[in-house]
Q: 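Quick one: this structure, given as structure tokens, is what I'll be asking you about.
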Amino acid sequence: MEEIKWFTAQVQACEPAMYRLAMSILTNGDDAADAAQETICIAYEKLHTLRRRDRFKPWILRILTNECYAILRQRQRFLESDALPEPEAPALSEEHQDLWQAVCDLSEQLRSVVVLYYYEGFSAREIGSILRISEANVKTRLSRARKRLRELLEG
Amino acid sequence: MGFDEELRRRAAAEGDGVPESFSNRVRETLDNLPSRPSRRGTWRHLLGAGLAAAVAVTVALPNTSAAMAETLSALPVVGELFRAVTFRTYAVEEGKNHVSIDVPQILDETGSTGAEAINDQVETYTDQLIAEFESEAQADGYFNLDVTWEVVTNTEKWFTLRISTDRVMASGNHQEQHYHIDAATGEQKTLSDLFPADYDYVTVISDELKTQMAQRMADNPGEAYWLEGINELGTWYFDAIDPEQDFYFNGDGKIVIPFDKYEVGPGSTGSPEFTLENPDLYEHILYQP
């Protein structure tokens with residue numbers, strides 16, 4: 001398959017994961033779209049460095065994570081931390097909003113691991129690689145997130 | 001059902017939840033990609049030069065017959081497992097324009113995946129340079145481009161090929177890219193392969209680079225880097241390396257991070273290189289030359 005067609009198909013398959021991960025870090029739809037746009041351009045330029053094509057998804061999510069944190073750093077230089085926007089829930093059918101709403105109530109550190117673990121099905125080791133934190137740290141965050149989600153969802 | 005399974009079930013039931021505005025941006029970005037990947041850093045200055053129109057081009061292809069044999073024999077054999085030769089040469093001498101591109105090829109008797117992959121990448125890169133020159137060059141332009149290669153490391157453990165791109169237009173610009181092979185397996189390696197998956201080498205290397213940059217600025221007032229807090233140099237500042245940042249090993253086995261001109265500082269800083277000394281890196285490193 002022509003390179004650009006293969007790349008386009010891969011990105012489209014990753015679009016929901018890219019959206020949720022970007023939202024979990026940035027909590028803002030416009031910033032999430034900016035991060036995705038930059039990520040797609042970088043990934044396309046760096047495609048020759050991707051050695052295992054079957055690892056495209058974690059690879060592009062790792063680039064996306066970098067871009068999200070770059071945007072976050074830029075944003076924090078202009079805003080006081082208390083002026084940061086509140087998490088914005090994505091457009092979902094109303095009957096299923098409760099989990100995502102609960103995820104949005106978690107801290108940023110917990111949101112990204114929850115998205116990658118529960119929504120995307122990555123292992124703790126893979127999540128560590130994407131977020132560039134240790135596997136032990138991922139497990140700690142997951143444990144805290146699980147506890148908090150139980151409180152939020154089960155009252 | 002356990003709570004974990006319950007959360008997974010709920011997550012799956014939510015669907016993708018992607019709003020149209022996000023999908024539109026993804027689609028627009030994909031629609032506007034060039035038909036082949038180009039390296040933004042490499043092309044940034046070339047595209048800005050505004051070159052176009054007819055240029056007489058000569059292409060030398062000494063990859064057949066006696067010319068190839070002569071080329072091969074004239075070059076030094078650089079190692080036992082891998083060696084590199086100039087496979088093709090592209091040359092233009094016309095008025096103020098000068099282009100010389102030596103296209104190397106890595107030869108190895110085992111037919112390793114790394115050598116094949118790197119040969120493809122190098123050929124794609126040089127083909128792009130040539131195509132861009134042919135479509136952009138102007139008869140009244142001042143175009144000076146040299147692409148050369150050298151083998152930086154060639155041991156029983158490691159092989160590194162450097163491609164250097166020098167262009168002179170409004171000002172000189174030097175860029176490098178290094179390609180690595182783990183000689184034990186024949187596989188191509190990049191920076192992320194050097195360290196265990198759970199080791200945050202990006203932060204460790206980035207922190208050392210920022211410290212070294214600050215020290216160089218303190219030692220030499222003429223050397224400037226875009227670091228946080230240096231406001232007069234613009235809004236962008238260097239904070240972290242790319243996870244696949246270019247690198248090579250020096251003769252002492254230390255990692256050297258080379259930056260292209262304008263990558264981390266103004267043009268006056270040139271193309272700086274930093275030798276990494278942090279012992280923690282070398283305690284975690286998985287490969288050494």
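The sequence lines fix the lettering, A, B, ..., with proteins before strands; numbering per chain opens at 1.
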Q: For the pair B/Leu7 and A/Leu153, evaluate side-chain contact (heavy atoms from CB on, under 4.5 Å) and give the outcome as yes or no after the intermediate values.
A: CA-CA 10 Å; B/Leu7 290 177; A/Leu153 295 167; 3.6 Å; yes

Q: Please classify the contact between B/Ser23 and chain A as side chain, backbone, both or neither, with a heavy-atom cut-off of under 4.5 Å.
A: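 Both backbone and side chain of B/Ser23 come within 4.5 Å of chain A.
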
Q: Is B/Asp193 in contact with chain A via its backbone, its side chain, both, or neither, using a 4.5 Å heavy-atom distance?
A: side chain

Q: Is the closest side-chain donor-acceptor distance between A/Tyr117 and B/Arg8 under 3.5 Å?
A: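 A donor-acceptor contact under 3.5 Å links the two side chains.
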
Q: Return the CZ to CD distance between B/Arg27 and A/Gln12, rounded to the nearest 0.5 Å.
A: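 These two atoms lie 9.0 Å from each other.
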
Q: Rounded to the nearest 0.5 Å, what's the gap from CZ on A/Arg132 to OH on B/Tyr201? Could you check?
A: 4.0 Å

Q: For B/Lys210, does the NZ atom sit with more than 12 other heavy atoms under 6.0 Å from it, leaving out its own atoms?
A: yes

Q: Go through the steps to decide whether A/Arg125 and B/Asp198 satisfy the test side-chain contact (heavy atoms from CB on, under 4.5 Å), and finish with yes or no.
A: CA-CA 8 Å; A/Arg125 184 180 175 83; B/Asp198 62 350; 5.6 Å; no

Q: The test is side-chain contact (heavy atoms from CB on, under 4.5 Å); show your working for A/Tyr44 and B/Leu30 and say whether it passes.
A: CA-CA 9 Å; A/Tyr44 191 57; B/Leu30 289 169; over 6 Å; no

Q: I'd like to check B/Val26 versus A/Tyr19 (side-chain heavy atoms, cut-off strictly below 4.5 Å). Are they in contact?
A: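 No, too far: nothing below the 4.5 Å cut-off.
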
Q: Which atom names give the shortest non-hydrogen contact between A/Ala36 and B/Phe22, and what distance separates them?
A: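 Closest approach of A/Ala36 to B/Phe22: CB-CZ, 3.6 Å.
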
Q: Between A/Val11 and B/Thr29, is the side-chain contact (heavy atoms from CB on, under 4.5 Å) condition met? List the steps.
A: CA-CA 11 Å; A/Val11 171; B/Thr29 308; over 6 Å; no

Q: Quick one, A/Glu154 and B/Glu6 - any side-chain contact, counting heavy atoms below 4.5 Å?
A: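 The answer is no, as the side chains (C-beta and beyond) never meet within the 4.5 Å cut-off.
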
Q: To the nearest 0.5 angstrom, please state how far the OH atom of A/Tyr118 sits from the CZ atom of B/Arg9.
A: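 Answer for the OH-CZ pair, A/Tyr118 versus B/Arg9, is 14.0 Å.
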
Q: Between B/Glu14 and A/Arg20, is the closest basic N to carboxylate O distance under 4.0 Å?
A: yes

Q: Can you check whether B/Leu33 reaches A/Ile40 side chain to side chain, under 4.5 Å on heavy atoms?
A: yes

Q: Taking atom CD1 of A/Ile133 and atom OG1 of B/Thr203, what is their separation to the nearest 0.5 Å?
A: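 So the CD1 of A/Ile133 and the OG1 of B/Thr203 are separated by 11.0 Å.
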
Q: Can we say B/Arg25 and A/Asp34 salt-bridge, meaning some charged N sits less than 4.0 Å from an Asp/Glu carboxylate O?
A: yes

Q: Which is it for A/Asp98 and B/Arg10 under the salt bridge (Lys or Arg N to Asp or Glu O under 4.0 Å) test, yes or no, and what are the steps along the way?
A: CA-CA 9 Å; A/Asp98 54 350; B/Arg10 287 201 192 189; 3.1 Å; yes

Q: At a heavy-atom separation under 4.5 Å, does A/Leu149 approach chain B through its side chain, its backbone, both, or neither?
A: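 Both parts, heavy atoms under 4.5 Å.
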
Q: Does A/Arg150 make a cation-pi contact with B/Phe3 (under 6.0 Å, within 45 degrees of the axis)?
A: yes

Q: Could you tell me which portion of B/Asp4 (side chain, backbone, both or neither) has an atom closer than 4.5 angstrom to a non-hydrogen atom of chain A?
A: both

Q: Do other residues, nucleotides or ligands put more than 12 heavy atoms under 6.0 Å from A/Lys57 NZ?
A: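 Correct, the count exceeds 12.
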
Q: Considering residues, nucleotides and ligands other than B/Glu116, do more than 12 of their heavy atoms fall under 6.0 Å from its CD?
A: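 No - once you tally the heavy atoms of other residues, nucleotides and ligands closer than 6.0 Å, there are 12 at most.
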
